[in-house]
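Following: one structure in structure tokens, then a few remarks.
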Amino acid sequence: MKKLRIVDILKSEREISIGDKLTVMGWVRTKRGSKNVAFIALNDGSTINNIQIVVDVQSFDENLLNKIYTGTSLSIEGELIESLGSGQQVEIQANNIKLLGEANPDEYPIQAKKHTLEFLRDHAHLRFRTSTFSAITRIRHAMIFAIHKFFNDKGFVNIHTPIITGSDAEGAGEMFRVTTLDVNNLPLTEDKKVDFSQDFFGKETNLTVSGQLEAELAALAMGQVYTFGPTFRAENSNTSRHLAEFWMIEPEVAFYEIDENMDLAEDMLKYVIKYALDNCADDLAFLSKRLIDEEKSKPEKDRAPMELIEKLKFVLENDFIRADYTEAIEILRNSKPNKKKKFQFVIDKWGIDLQSEHERYLVEKHFKKPVILTNYPKDIKAFYMKQNDDGKTVRAMDILFPGIGEIVGGSQREEDYTKLRNRMKEMNVPEQEMWWYLETRKFGTVPHSGYGLGFERLMLFITGMGNIRDVIPFPRAPKLAEF
RNA sequence: UCCUCAUUAGCUCAGUUGGUUAGAGCAUCUGACUGUUAAUCAGAGGGUCCUUAGUUCGAGUCUAAGAUGAGGAGCCA
């Protein structure tokens, strides 16, 4: 008997016809019914949609049927029939039901009703079984695949940069230490410091906070490379936009100026959005509906101006705004909230860093589109960014998205050996630990650019979810490592 | 880490000015009924009111500390 996944049973060009026998396996979403007939909505994770199993109650053992609840796993042999009900086109008339695994309703926490996302976070091992989370998980896969496809089709080479790093000079945040030393009995040097020469690597090591520096090494030989790997930040960040362990995409391209870098980032974002619209229509429709329901409980002024799919199409069809930091400061300085001192941080002079409230004003109120800001003051950006001729700014670019803030951060890199070395000295970046990075500027240096995209931030945008802990299966954050 | 708010049945929530035996919907159980769509109808069971200390004759309700969660901020992707 043919074993089929639910997605393949429900699609229009299916392998089997009405009247054919088949086997289907999955988990019960709901069971309804009575003495004569029962209906089981079965889901196997292959699609957001369920297949309806029709059970003639009289021809089955009552004890078996009494054990079928939400969460129970079943193997069904039956016949594909056209549905007599109105909610679906086809369904399966069960001939044989095998109970694979019981789910005691007194203990099984997931019910056939709406649960809060907070509750599901506490049951992360079971939340894959909900419609919302299975939709997110399928979309997440599609986005991973789309990103690799985008870069592969453009001839990029994927680089696995190290997860354990011996350099603590990347300056991108607090790091998690990696050690095999006995933390209850640390070896000490003569001056009572921990003796890391006895550690596994013979030196201090940490989990990576960015693959960029290593990706640059590869780009300065391979031309076009990208990384897509786990990234770790030990910051005590308790927000809906931060994780301690997240996935980052970092393309790095030789012979690339900042404008080409912006084009690449915009093309990539639009490519993956289109990929989602083309390949995840059912899941997006479900999430859109879910979001609309959720918005109904909010006051009208706090509601999103567009529903999810409309928003994705809008971003796809419009050019991102490109503006200089200096222009942004002028816009903000002359803005109503600034003049009325509604901003918590009033914009008074050139050179200050933009706060979330400013970025949100630019994206959501002023431009009403994604915005790429460039040419930031050098003092608020990293040491490796290319210095402009004005002596004040660097060729940084941040892409700001509505509702999410900074989704991409990148720059043209400083390729001049002397300028880079001087900047490292000014910013107290230890030169001796970065000798390998500097050597790429000493030997055959070329202009190059790259950026970092936070994958989970992209997922927030694509799915319309509000909390980053709901777009990754097993979130890591302060006090959160249960699952 | 800071600010604000929250924590009551398995889940989502209500609970008046501090006052008798803490309620509802869903879920579960029992029964009825039905090609049902998170089925419906009737009934039943189900509580460490987050924890600790305090105020009070009396605390779900007031105070303090702590835990956990949410929203916002900082850091950033």
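Quantities reported herein were computed from a predicted structural model and do not represent experimental measurements. Both backbone and side-chain heavy atoms feed into the values below; hydrogens, waters and symmetry mates do not. In what follows, every chain begins at residue 1, and chains take the letters A, B, ... in the order their sequences are listed.
Of all nucleotides present, only B:G31 satisfies the Watson-Crick or G-U wobble test against B:C41, with each distance under 3.5 Å. Of the nucleotides present, B:U12 is the one that pairs with B:A24 by Watson-Crick or G-U wobble criteria, both distances under 3.5 Å. With both pairing distances under 3.5 Å, B:G74 is matched to nothing as a Watson-Crick or G-U wobble pair. In this structure, B:A64 and B:U52 make a Watson-Crick or G-U wobble pair, each of the two defining distances being under 3.5 angstrom.
Rounded to whole Å, the separation between the C1' atoms of B:A24 and B:C49 comes to 16 Å. Comparing the C1' positions of B:A9 and B:G72 gives an interatomic distance of 32 Å, to the nearest angstrom. B:G10 sits 34 Å from B:U17 when the C1' atoms are compared, rounded to a whole Å. The separation of B:A6 from B:A42, taken at their P atoms, amounts to 35 Å, rounded to a whole angstrom. Comparing the P positions of B:A77 and B:U12 gives a spacing of 35 Å, expressed to the nearest Å.
Look at A:Arg140 and A:Glu456 and you find a salt bridge, because one of the NZ, NE, NH1 or NH2 atoms lies within 4.0 Å of a carboxylate O, short of that distance. Salt bridge A:Glu307/A:Lys311: absent, no basic N to carboxylate O contact under 4.0 Å.
Remark: the A:Gln111 side chain and the B:G10 base include a donor-acceptor N/O pair separated by less than 3.5 Å. For B:C11, the base has no donor-acceptor partner in the side chain of A:His115 [N/O atoms by modelled type, under 3.5 angstrom]. Judged by distance alone, with hydrogens and angles left aside, A:Glu357 brings no side-chain donor or acceptor close enough to the base of B:G72 to form a pair under 3.5 Å. For A:Ser237 against B:C75, a side-chain-to-base donor-acceptor contact under 3.5 Å is present. Counting distance only, with no hydrogens placed and no angle test, the side-chain atoms of A:Glu118 and the base atoms of B:U12 include no donor-acceptor pair under 3.5 Å.
Taking the 5.5 Å centre cut-off and the 30° plane limit, the aromatic side chain of A:Phe246 is classed as stacked on B:A77.
For the pair A:Glu294 CD and B:A70 P, the computed distance is 14 Å after rounding to whole Å.
Of all the heavy atoms in A:Ala94 and A:Val55, the pair that sits closest is CB-CG2, 4.4 Å.
For the pair A:Arg32 and B:A39, the criterion of a side-chain N or O lying under 4.0 Å from OP1 or OP2 is met.
Aromatic rings from A:Phe228 and A:His148 are positioned such that their centres are separated by under 6.0 Å. Here A:Phe474 and A:Phe128 bring their ring centres to under 6.0 angstrom of each other.
Within the 4.0 angstrom heavy-atom criterion, no nucleotide atom of any strand lies near A:Asn36.
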